[in-house]
Protein chains: 2
Amino acid sequence: MPTQLERRTATTTALLDATEAVLHERGYAATTTAAVCERAGVSQGGLFRHFPTRRALLVAAAVRVAERQTHDVPAGLDLLEGLRHLRAAVRSPANVVWHELVHAARTDEELRRDLAPALRTYHRRTRAAVASLRPAGHPWTETHQTALRIVVTYLDGEAAVAHVLPDPDRDEATLRALADLVRPLLEQP
Amino acid sequence: MPTQLERRTATTTALLDATEAVLHERGYAATTTAAVCERAGVSQGGLFRHFPTRRALLVAAAVRVAERQTHDVPAGLDLLEGLRHLRAAVRSPANVVWHELVHAARTDEELRRDLAPALRTYHRRTRAAVASLRPAGHPWTETHQTALRIVVTYLDGEAAVAHVLPDPDRDEATLRALADLVRPLLEQP
DNA sequence: TACCTTCGATAGCGGTCACTCGCTAACTTT
DNA sequence: AAAGTTAGCGAGTGACCGCTATCGAAGGTA
């Protein structure tokens, strides 16, 4: 016999898991409360006991995704390995969910406002992930920052395209070219 | 007294103009047939005399955008000027509309299918725009192709971010860094 | 045990969506 | 000028949206 708290967290977790899954599979507009509830195995009324509005549910999912992605950034990789890891992170379902929400925020002022804290968390994550690409002990210059902003933005843009038009044959070659492109900047003092 | 054909093209043009405007301002999901009709000054029933479904209207708008962007790619620019022009094109309202539709296509199979021809046109446009970045008379190698794919994808991804989180202070610096990054590759034989 | 609170299910409400239908008016053909 | 075709209108239609009111079941407290 579970406690009330256990019941509560179990259903909210199920709802957030379902929200992520539906966002990933069907996109923002088709992520209806009914679809989420069906997937979570919760009745439609049950959702609104834990989240006052649909938007609150989506923002909670965004916060959870951003915080989860903050963790597990491995260190000590060389440049190419680091890029590979970064690309995988950026193409992960979690990042698709994230883009789905950020994209919707462009034309939804209230969503954009509620998403702002999670957006800051996301930026912290990308900076941390990117920091692991430079050998430890070396100082960071303005040039490095800019080069790495380019890398991250490129990979993020590439991921968006890859989800509509995948091109696995060229993936590895492009990544090597990217590494060659930024290596001089990263390894200079 | 206009002919039937003139009347027809006038209203379809008004509808497509309105579709672009609403897509740009309110996004894909909020681009309802009612909103488009109101903006175009056409009754709701009138729309369906020219476009059998909402999707057909959106695809027609996409085709028109992609074809329009194919034109006016100036030649003879140096690298930095070329990048500036490319970034402006990629940040234009037309490209926002384009991204709005491509993004929606990720989770809408029928839209993705109908959008495929326009997507090929779009790729032709980006290749043409990017070809102007290399001095005329120089042959194109595989390395150049890959480097320029990176440039275009980066700028496209940057544009997507810029619409949610603009950062004009760093825009110019980032563009110069990008030019420095790819210049060695472009100017080598 | 008796009482209270919270959770989750069900039915349904008001609103909006894409799309249809019946119609008038305008253009085209004969 | 008569007949036929097409453009455009706007009130509907059923489906589905986010959300709420109500209620039985289960957990917590005395």
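Below, chains carry the letters A, B, ... as their sequence lines are ordered, and counting in each starts from 1. None of these values were measured; they are calculated from a predicted model.
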A.B. asks: Quick check: closest heavy atoms across A:Leu86 and A:Val151, and the distance to 0.1 Å?
C.D. replies: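 Heavy-atom minimum between the residues: CD2-CG1, 4.3 Å.
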
A.B. asks: Rounded to whole Å, please give me the gap between CZ in B:Arg8 and C1' in D:dC9.
C.D. replies: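 Taking atom C1' of D:dC9 as the reference, CZ of B:Arg8 is at 16 Å.
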
A.B. asks: Starting at CG of B:Leu5 and ending at C1' of C:dC27, how long is that distance when rounded to a whole Å?
C.D. replies: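 After rounding, the gap between these two atoms is 12 Å.
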
A.B. asks: Would you say B:Thr33 reaches C:dC19's phosphate, i.e. side-chain N/O to OP1/OP2 under 4.0 Å?
C.D. replies: no

A.B. asks: With side chains defined as the heavy atoms from C-beta onward, is the minimum distance between B:Glu158 and B:Thr174 less than 4.5 Å?
C.D. replies: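 Yes, their side chains come closer than 4.5 Å.
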
A.B. asks: Which residues, if any, of residues 37-55 of chain A bring a heavy atom under 4.0 Å of DNA chain D?
C.D. replies: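 Contacts with DNA chain D under 4.0 Å: A:Gln44, A:Gly45, A:Phe48, A:Thr53, A:Arg54.
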
A.B. asks: With side chains defined as the heavy atoms from C-beta onward, is the minimum distance between B:Leu101 and B:Val65 less than 4.5 Å?
C.D. replies: no

A.B. asks: Distance check needed: C:dA25 C1' versus B:Gln4 CD, whole Å only.
C.D. replies: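 Atom CD in B:Gln4 sits about 10 Å away from atom C1' in C:dA25.
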
A.B. asks: Quick one: bend of the helix from C:dT1-D:dA30 to C:dT30-D:dA1 from 5 pairs per end, to 10°?
C.D. replies: 10°

A.B. asks: According to a 4.5 Å side-chain heavy-atom criterion applied to Ile, Leu, Val, Met, Phe, Trp and Tyr, with indirect links allowed, do A:Leu16 and A:Tyr122 form part of one hydrophobic cluster?
C.D. replies: no

A.B. asks: Working note: B:Thr32 + B:Val22, criterion side-chain contact (heavy atoms from CB on, under 4.5 Å); need CA distance, chi angles, decisive distance, verdict.
C.D. replies: CA-CA 9 Å; B:Thr32 63; B:Val22 177; over 6 Å; no

A.B. asks: Using whole Å, report how far OH of A:Tyr28 lies from P of D:dC17.
C.D. replies: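 To the nearest whole Å, that distance equals 14 Å.
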
A.B. asks: Indicate if B:Leu178 and A:Leu175 have the same hydrophobic cluster label, given that clusters are the connected sets of ILVMFWY residues with side-chain heavy-atom separations under 4.5 angstrom.
C.D. replies: yes

A.B. asks: If you find the nucleotide of DNA chain C closest to B:Thr32 and the one closest to B:Arg7, which residue's nucleotide is nearer the 5' end?
C.D. replies: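 Checking each residue's closest nucleotide, the 5'-ward one belongs to B:Thr32.
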
A.B. asks: Would you say that B:Glu38 contacts B:Gln44 through its side chain, given a criterion of any heavy-atom pair below 4.5 Å between the two side chains?
C.D. replies: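 Result no, sub-4.5 Å side-chain heavy-atom pair not found.
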
A.B. asks: Using distance alone, with no hydrogens and no angle criterion, decide if B:Glu100 and A:His103 have a side-chain donor and acceptor under 3.5 Å apart.
C.D. replies: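 A pair is found: one side chain offers a donor N or O, the other an acceptor, under 3.5 Å apart.
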
